[in-house]
Amino acid sequence: MQGERLDKAFFEADPLLVAQNLLGKVIVRQFDDHSKKRYRISETEAYRGEDDLACHAAKGRTARTEVMYHAGGKVYVYLVYGMYWMLNFVTSGFNYPAAVLIRSAGEITGPGRLGRELQLDKTFYGEDLYDSLRIWVEDEGREAPVFIATPRIGIDYAGEWAKKEWRFVLG
DNA sequence: GTAAGGATTGGC
DNA sequence: CCAATCCTTACT
């Protein structure tokens, strides 16, 4: 059970497309003891541009959001509620801030639990998905899965932007 | 410097 | 319903 590591062209695209295309793809995590675990992505959310009030980049380019302005293919992690590391993949091209949040994968439900399962921490900020030995994403060559779109979770503060159906769930 | 709040979870 | 827990951002 192995596939091709996703490349530059995959991530340097619009986050709405990347979020949809990531469904069914497989996160591979290689731990310090060289053991590997694989997690099939089942739920994603897109965050796109400074206009998107739910996107962290709505506050502009800061130390925290810097990596979102990089070209697609890097990891964006941040600590939320002082406890949970959220896993995101940067998308789009240089200087356009966008990312996809992985909300569920494998048997793990919920982004906080996923971050704990993957043993994420601040050292994953900016990790390059194209050459990392710790985390990357593979395409096992399966058919594109069926999915549904819904509003994003936990961003009620974003006003009209909270209504956009930028969350995608296998189904 | 200080304060407010969060892309969540689990326990009461 | 609400506390945990700490980083980021904004600013009386």
Side-chain angles (χ1 to χ4, degrees), chain A residues 6 10-27 29 37 39-93 95-129 134-137 147-171:
Chain A
L6 294 182
F10 184 94
F11 288 103
E12 290 192 13
D14 188 287
L16 295 179
L17 288 177
V18 177
Q20 295 167 26
N21 291 338
L22 276 171
L23 294 171
K25 300 298 189 293
V26 177
I27 296 170
R29 174 78 168 92
K37 282 193 179 175
Y39 306 85
R40 182 166 179 257
I41 298 171
S42 54
E43 182 184 357
T44 61
E45 282 178 359
Y47 291 85
R48 186 175 74 182
E50 296 180 343
D51 294 338
D52 175 6
L53 293 181
C55 182
H56 289 161
K59 289 179 162 53
R61 197 163 185 155
T62 66
R64 183 208 214 185
T65 62
E66 175 62 26
V67 78
M68 295 182 81
Y69 289 78
H70 292 207
K74 289 184 178 176
V75 172
Y76 168 43
V77 290
Y78 64 91
L79 187 65
V80 73
Y81 300 116
M83 271 172 282
Y84 303 106
W85 287 98
M86 302 284 108
L87 175 63
N88 300 251
F89 300 139
V90 175
T91 74
S92 302
N95 274 349
Y96 187 83
V100 172
L101 168 69
I102 308 302
R103 290 193 64 90
S104 300
E107 303 305 305
I108 315 299
T109 57
R113 290 172 175 172
L114 183 63
R116 189 174 57 191
E117 165 76 17
L118 296 176
Q119 297 174 33
L120 301 180
D121 58 45
K122 64 184 176 186
T123 70
F124 282 80
Y125 184 91
E127 187 91 353
D128 191 323
L129 292 169
R134 299 194 291 172
I135 189 168
W136 62 92
V137 189
F147 65 87
I148 59 171
T150 83
R152 294 172 291 180
I153 306 296
I155 52 147
D156 291 347
Y157 59 81
E160 291 297 308
W161 292 87
K163 298 177 183 171
K164 293 190 178 298
E165 298 195 327
W166 287 3
R167 169 174 175 257
F168 306 100
V169 188
L170 280 186

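We name chains A, B, ... by the order of the sequence lines, and we start the count at 1 in each one.
Every residue meeting the side-chain contact (heavy atoms from CB on, under 4.5 Å) condition with A/Y96, not counting sequence neighbours, appears here in chain and number order: A/R48, A/S92, A/A98. Partners of A/Y47 under the ring pair (Phe, Tyr, Trp, His ring centres under 6.0 Å) rule, at least two apart in sequence or in another chain, do not exist in this structure. Listed by chain and residue number, nothing satisfies the side chain to side chain donor-acceptor pair (under 3.5 Å) test with A/Y125 (two or more places apart in sequence, or in another chain). Shown here are the ring pair (Phe, Tyr, Trp, His ring centres under 6.0 Å) partners of A/Y69, two or more places apart in sequence or in another chain: there are none. By the side chain to side chain donor-acceptor pair (under 3.5 Å) test, A/N21 is found to be paired with no residue, residues two or more places apart in sequence or in another chain being considered. Residues that satisfy the salt bridge (Lys or Arg N to Asp or Glu O under 4.0 Å) test with A/K122, not counting sequence neighbours, are absent from this structure. The side chain to side chain donor-acceptor pair (under 3.5 Å) search around A/N95 returns A/R61, not counting sequence neighbours. Scored by the side chain to side chain donor-acceptor pair (under 3.5 Å) test, A/H70 finds A/E66, A/K74 as partners (sequence neighbours excluded).
A 4.5 Å side-chain heavy-atom check between A/L87 and A/F124 finds every atom pair outside the cut-off.
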Next item on the list: Spell out protein contact along nucleotides 3-12 of chain C as letters: B when the base is contacted, S when just the sugar-phosphate is, - when no protein heavy atom is under 4.0 Å; keep the 5' to 3' order.
Entry: -BBBSSS---
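A cation-pi arrangement is absent between A/R29 and A/Y39 under the rule of less than 6.0 angstrom and at most 45 degrees off the ring axis.
In plain terms, the two heavy atoms of A/D156 and A/A162 that are nearest each other are CA-CB, 4.4 Å. Of all heavy-atom pairs spanning A/F10 and A/L22, the tightest one is CE2-CD2, 3.6 Å.
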Notebook entry, point to check: Pairs counted as Watson-Crick or G-U wobble with both distances under 3.5 Å: what dot-bracket string results for DNA chain C, using | for bases tied to another strand?
Noted result: ||||.||||||.
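Annotation: B/dG5 and C/dC2 have their C1' atoms spaced 15 Å apart (nearest Å). Annotation: C/dA3 and B/dA4 have their P atoms spaced 16 Å apart (nearest Å).
From the 5' end on, the contacts that DNA chain B makes with chain A at under 4.0 Å to a non-hydrogen atom open and close at B/dG6 to B/dG10.
Applying a 4.0 Å cut-off to non-hydrogen atoms, the residues of residues 107-119 of chain A that approach DNA chain B are A/G110, A/P111, A/G112, A/R113, A/R116, listed by residue number.
With hydrogens and angles ignored, the 3.5 Å screen pairs no side-chain donor or acceptor of A/Q20 with any backbone N or O of A/F168.
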